[in-house]
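Worth saying up front: this structure is predicted, and the values here are computed from it rather than measured. So you know, we letter chains A, B, ... as the sequences are listed, proteins then strands, and number each from 1.
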Amino acid sequence: MAKERLDVLGEVCPIPLLMTQGVLAKLKNIDVLIVETDSNQAARNIFNWCESCGFKFEIDDLENGIWEITIKKE
Amino acid sequence: MRKSSQILSIILILLIISGVALGAYFYQKNLPLLWVFGIAIGFVFYRSGICFSTAFSDIVIFRNFRMFRTSLILLLVSFLGFNIVQLYSNISNGSIPGYIFPVGLHTAIGGILFGMGMVLAGACVCGTLQKLSEGFLLFWFVLSGVVIGSLLGAYHYPWWEVSYLSWEPVFLPNIFGWRVSWLLTVIILVGVFGGTFLLERRK
């Protein structure tokens, strides 16, 4: 399973979702993308987009206000 | 989220809120009500994540109308609320509360400038306050921009009002009557709301 990490700490919407989409579009061979964000709005945007695309995702609270979203492409 | 670390801050915040409310009560009796209303609206804004800049940028970038529909609902609710206030005050003394200003070319120019600014900054004014309270240091910079811009805008507004084409203030109930203007506004807002579903389907 190919993994990739994406660090969008400090970025506000719409940049995190745009970058997530960009990475997933560019690196077609990866199965798992881990996105790290500190914006709850960006996290919500990424969930909604994953739901509309049918990707599975998990969320992890790293610290107060930092979320790690694991997107599984299936 | 670590709940134990938050109990102390919650107690502290509640103490500060009630302290300010008590102080305000001795100053003027209806101030605590406004203060609590303000806190409640801020809390709702923060928890719901309403963001007007996303409402518009998502349409263009992602073809996503979710937040746009949310702001339409917000517009409808505030319209109905203000309508009740205006209706009752109109009966009692004749002057209409609320911001009713002349519209004109300057409104459009200002709207486009503000729109570009809020999308570049990543938040509108209420979004800035939300993100500021979440701990984004960047938004202190954005907030100072908002304050400077508003001051300059207020200072320079008369020039725009005179130099650019502006029409007299429009207050719909004076033209169509309360019932028709009420129906017209609700129909337009609900129509735009429904229209977004059609636009979304036509990807």
Side-chain angles (χ1 to χ4, degrees), chain A residues 4-28 30-74, chain B residues 1-10 45-71 115-124 126-143 145 197 200-201 203:
Chain A
E4 189 69 42
R5 282 191 80 88
L6 178 63
D7 175 4
V8 285
L9 292 174
E11 302 281 0
V12 288
C13 45
I15 307 297
L17 179 55
L18 270 179
M19 283 172 81
T20 308
Q21 287 179 343
V23 168
L24 283 174
K26 206 170 82 186
L27 306 170
K28 289 215 186 308
I30 59 163
D31 308 294
V32 176
L33 178 67
I34 300 165
V35 184
E36 218 177 310
T37 178
D38 55 3
S39 156
N40 68 2
Q41 196 58 47
R44 274 188 242 186
N45 280 349
I46 292 171
F47 299 163
N48 289 337
W49 178 73
C50 285
E51 264 173 3
S52 70
C53 291
F55 295 150
K56 280 188 177 164
F57 59 89
E58 275 167 24
I59 180 146
D60 212 7
D61 254 335
L62 289 189
E63 269 176 67
N64 269 343
I66 296 181
W67 296 276
E68 196 182 68
I69 307 160
T70 310
I71 304 169
K72 286 177 190 144
K73 236 160 98 174
E74 276 172 9
Chain B
M1 207 157 281
R2 287 154 192 76
K3 290 229 164 58
S4 58
S5 69
Q6 294 188 336
I7 291 171
L8 190 73
S9 29
I10 288 171
F45 260 111
Y46 169 59
R47 295 313 297 176
S48 58
I50 288 170
C51 179
F52 292 106
S53 68
T54 342
F56 292 97
S57 65
D58 274 8
I59 294 177
V60 180
I61 300 171
F62 303 117
R63 278 266 197 186
N64 181 347
F65 288 82
R66 237 179 132 105
M67 201 49 85
F68 186 70
R69 279 195 288 269
T70 312
S71 40
M116 292 201 303
M118 75 176 177
V119 171
L120 285 178
C124 64
C126 72
T128 304
L129 293 173
Q130 265 177 50
K131 281 164 181 132
L132 200 68
S133 57
E134 274 173 31
F136 270 103
L137 290 178
L138 174 74
F139 283 93
W140 281 107
F141 183 66
V142 177
L143 186 70
F197 287 103
E200 213 167 33
R201 208 178 297 164
K203 281 196 176 175

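For the atom pair B:Arg47 CZ and A:Asn40 CG, the distance stands at 7.5 Å (nearest 0.5 Å). Going from atom CZ of B:Arg66 over to atom CG of A:Asn45 covers 9.0 Å, rounded to the nearest 0.5 Å.
Heavy-atom distances place the side chain of A:Asn48, and not its backbone, under 4.5 Å from chain B. The contact between A:Leu18 and chain B is made by backbone and side chain atoms together, counting heavy-atom distances below 4.5 Å. Looking at A:Ser52, there are no atoms closer than 4.5 Å to chain B (heavy atoms on both sides), in backbone or side chain. For B:Ala121, the part lying under 4.5 angstrom from a heavy atom of chain A is the backbone only.
With sequence neighbours excluded, no residue forms a salt bridge (Lys or Arg N to Asp or Glu O under 4.0 Å) with A:Glu51. Every residue was checked against the salt bridge (Lys or Arg N to Asp or Glu O under 4.0 Å) condition with A:Arg44, not counting sequence neighbours, and none meets it.
By the 4.5 Å heavy-atom criterion applied to side chains, A:Leu17 and B:Asp58 are not counted as neighbours.
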